[in-house]
> 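Got a structure here, written out as C-alpha cells. Questions coming.
Chain naming here is simple, since letters A, B, ... match the order of the sequence lines and numbering starts at 1 in each.
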Amino acid sequence: MSHLGSIVCKIKKLNHLKQLHAQLIQNSLHNQNYWVSFLIHLSTRFHAPPSYVALIFSSTPHPDINVYTSMFKYYSHLNAHHHLFSLFQHMQASHVRPEAIVYLVLIKYAGKSGIMFHAHVVKMGIGHDPYLRNVVMDVYAKYGPIEAARELFDEMTDRSSVDWNSMISGYWKWGNEVEALRLFNVMPERNVITWTAMVTGYAKVKDLESARRYFDQIPVKSVVSWNAMLSGYAQNGYAEEALELFDEMSNAGIQPNETTWVTVISACTLHGDPCLADSLVKKIEQKQIRLNYFVKTALLDMHAKCGSLKTARIFFDELGEYRNIAAWNAMISAYARVGDLRSARELFDRIPVKNVVSWNSMIAGYAQNGQSAIAIELFKEMIATENSKPDEVTMISVISACGHLGALDFGCWLVKFLNENNMKLSISGYNSLISMYSKCGSMKDAKRIFQEMEARDVVSYNTLIAGFAAHGYGVEAIKLISEMEEEGIEPDRITYIGVLTACSHAGLLEEGHRVFKLIKYPAIDHYACMVDLFGRVGELDEAKKLIDSMPMEPHAGVLGAILNASRLHKNVELGEFAANKLFQLEPNNSGNYVLLSNIYASAGRWQDVERVREAMVKGGLKKTTGWSWVEYKGKMHKFTVGDRSHERVDDIYRLLVELRSKLRRLGYTADKSCVLRDVEEEEKEEMVGTHSEKLAICFALLVSEVGAVIRVVKNLRVCGDCHTVIKMISKLEGRVIIIRDNNRFHHFIDGQCSCKDYW
DNA sequence: ATAGGGTTAG
C-alpha cells in the first residue's frame, strides 16, 4: 500500500496514471468505486484516450454516483454530448439516483439539449441550489431564450457575482451591448471575470478600441484576460497587434498557458509568415511545455497554411486518438486548398462525426476547384443528412457554385430555402447572391438584391459592377462609382477594373478614358483594360501608344487585348507583334494560336494559317473543346461534342433535324457556316450535333417550351455554327436567348446580338 | 461544484 501511495504522489502524466492502473489491478483494487472515479478524474486531466477510459468504466461491476459524475465530466471535457445522454440512461437503468451535481454537469455540458433537465431539477426540489440555479440560468443565457434567464435572475434575492457575470456574458452573446453595459454599471461588485467578459464582448462586435480600454482598466489581469485581448486582435485580423501584445505579456512576466499558445499560433497563421511560425515553434520547444491537442491542432493548421502540407499531415497522424473535429477539418481544407480533392474527400468520408465546418470545407473545396456540380450534390446530401444544418458559410459556397453553373432555377430554390429556414444573411451572403444572379444572366435580380441591402461594402459594388460589365451595361457601371462615393465607400483596384471592362464591352471610349484618369496609381490590369477599350473601338494606334507609355512591362493580359483587337479589326502586323510575345509568355495557351490563325484567315493568307496550325500541333497543343450546360428543373445537363449520353438524346436529335428543315424551308441554306452544311456534306445523323453547344441549345429549346427566355451557359467560345443556330432560334421562335461565352453575356433578341463586336 | 480566454469553413 505504501508503494501505491508513492505512485499516487508522483502522478503528473498519462504514463504515471497507467502505472497506477496496473498497480491497482495487481492489488485487485481496480474495480472499486473510489479508485475508478479517481482514475477517470485523472484521465480527464491528462487527456487519456476514450478507449482507455471506456475500458476502466466497463470493468467496474457496480458504479456509484461518484463514478458516474466523473464519467459525465470526462465526456463533457471531450465534448461528447451523445455519450452524456446514453450514460444518464445507463445510470437510471442501474437504479443509481441522480444528485444535484449530476444535473449540474448534464445541464452545463449537454448545452442546448441539457436544458430539458430543468424540469427534473424543479420536480426534485433542488432548484434553489445556488450552483445548480446559476447553471440553469447560464444555459438559458447562452442558448436562449435569454428572457428565461432574465426571469430567473430577477426572481433571485441573493445574487452572487457569478449570476451577474452569467447575465452580462449572455447579453453579449445575443448582441445586446446596451443591456450588458447597463448590468455592468449597476452590479454591486465587479471582479476580473466581469471585466474580461466586457473585453470579449467588445472584441466580438469588432470594437477593439473599447475592448482595449476595458482591458487596460482591469485592476489585476489574469492570464485569461490577456488571452481574451489576444484573441480579440487575432480573430479580427490584427495579427501584428496580437503579437505585440504577446510580447507585452511576456515582459509583464505572465506565464502563457496552452490557450495563449493556441491564440498566438493562430495569429502567426493569420500573418502567413513561415519564418515567424518557425521561431514560434522553437520558442515552444525551448519552454518544453506540454502540448495538448488544441495546441497541436493549431500547429497543424499553421503548417497547412504557411508551412508544408507534409508537416501538417505528421501532426494530424500524431494526434491519433485525440484527433478532434477541428483537426480533421483543418486537414481537409488544407488538401482542398492545394486542389487535392481526392485526399480531402478520403478524410471527409472517414470523419466519425461531421460538423457543419466539415461539410463547409468539403463543399467549398469542390466549389473553388471547378467542381461546382459536385459541390451542389454534396450540399443536397448534407440537407438530407440528419444533424447537419447548413449555415451562411455553406450557403455562400453553394450560391457561388450555382453561379458558376449558371443554374438560375436552383439559385431561386436556394433563396427560397434561405427564407423557409429563416436564415439571415450578412453582407457577404448578399454579395454572393448578387454574383450568382449576374452569372445566371439575371441582372434585374442582382440589382434588386443590391438595392434591398441595408448596408453595402466595396465588394457589393464591385460584384454588381462586374455583372454590369459582363452584360455590357457600361453606363450603369459608371454611375455606381459616384453612388458608392455618396455611401462613403472608397473605390479600389477591382472597382476600376470592373468599370473599365464595362466601358470596353459597351464601346464607351470617352467615358472609359475619363474613368482611367480618375485612378491615382493605375495598375497593369487597368492599362490592360484601356488597351482593350482602344482596341475594340478600332483605335489600334492609341492602344499601341498606351503600351509604349506604360511604366511597366506589358503582361499577357495587355498583349491578349492587342491580339484580340487585331483580330476584330483585321490588323495582321499588330497581331503578329502581340502573338509572338504571347507565344513566349504562355507557350501552352492554344487560344493565342487560334486567334493568330483567324487573323491570317481573314486576310486570306492561307499559307500562314497552315503554318500557325502546324506550329500548334508541333507544340503538342490542341484546340480545347469544352462542355456546355443547360439547367432544367434545378438539375444541370452537360453536353460535349457528338454527345449521345443524355437520357432524352432521341428527342434532342429529332429537334435538331426539325430545326434544320424549318431553316431550309425558310431559305436559310447557304449561310457560310450553319448546321445545314454538316448534314449535307456528310449525310450522317451523328454529324448533326457536331458541337456541344448545338446540343445544349436544342435541349434548352426542348425543355423551355413555356419560358420565353432560354439561358445557355458555357465556358468556352461559341463557334460560328452555333452562333448561326442561336440567331435563327431567337428569330424563328421569338425567344430571348442569353449565352455566357468567355464570361461575357450575349443577349440575342430577334436574331440580333446586343454586342457590336460579337462575330 | 457555478461566471471570463482557444483550433476548423466563405
> Grab the CD-P distance between A:Glu258 and B:dG5 for me, whole Å please.
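Whole-Å distance recorded here is 17 Å.
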> Between B:dG4 atom P and A:Asn191 atom CG, what is the distance in whole Å?
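So the two atoms are 11 Å apart, to the nearest Å.
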> Taking NE2 from A:His118 and C1' from B:dT2, how many angstroms apart are they, rounded to a whole number?
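Whole-Å distance recorded here is 15 Å.
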> Is the distance from OP1 or OP2 of B:dA3 to the nearest side-chain N or O of A:Lys108 less than 4.0 Å?
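So the side-chain polar atoms of A:Lys108 do come within 4.0 Å of the phosphate oxygens OP1 or OP2 of B:dA3, strictly under.
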> Would you please classify the geometry between the A:His303 ring and the A:Phe315 ring as parallel, tilted or perpendicular, with 30° and 60° separating the classes?
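Parallel: the ring planes of A:Phe315 and A:His303 meet at under 30°.
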> Report the distance from atom CD1 of A:Ile101 to atom P of B:dA1, rounded to the nearest whole Å.
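Going from A:Ile101 (CD1) to B:dA1 (P), I get 8 Å.
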> Measure the CE-OG distance between A:Met331 and A:Ser361 for me, rounded to the nearest 0.5 Å.
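A:Met331 atom CE to A:Ser361 atom OG measures 12.0 Å (nearest 0.5 Å).
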> Tell me which residues in residues 202-219 of chain A lie within less than 4.0 Å of DNA chain B, going by non-hydrogen atoms.
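Under 4.0 Å from DNA chain B: no residue of residues 202-219 of chain A.
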> Output all residues satisfying salt bridge (charged side-chain N to carboxylate O under 4.0 Å, His left out) with A:Lys296, sequence neighbours left out; order by chain, then residue number.
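In terms of salt bridge (charged side-chain N to carboxylate O under 4.0 Å, His left out), with neighbours along the sequence ignored, A:Lys296 is linked to no residue.
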> Can you confirm if the aromatic rings of A:Tyr202 and A:Trp172 lie within a centre distance of less than 6.0 Å?
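Yes, the ring centres sit under 6.0 Å apart.
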> Within this structure, what is the CG-to-P distance between A:Leu347 and B:dT8, rounded to whole angstrom?
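For the pair A:Leu347 CG and B:dT8 P, the rounded distance is 17 Å.
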> Given the rule in the salt bridge (Lys or Arg N to Asp or Glu O under 4.0 Å) test, do A:Arg212 and A:Glu244 qualify, once you have shown the distances and angles that lead to the verdict?
CA-CA 13 Å; A:Arg212 186 59 191 252; A:Glu244 228 167 78; over 6 Å; no
> Whole Å only: how far is the CD1 atom of A:Ile363 from the P atom of B:dT8?
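It is 19 Å, rounded to the nearest whole Å.
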> In this structure, how many angstroms lie between the C1' atom of B:dT2 and the CG atom of A:Leu132, rounded?
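Nearest whole value for this atom pair: 9 Å.
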> Would you mind reading off the distance between A:Asp163 atom CG and B:dT2 atom P, rounded to a whole angstrom?
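That distance rounds to 13 Å.
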> Taking the ring centre of each residue, are A:Phe379 and A:Trp359 less than 6.0 Å apart?
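No, too far apart.
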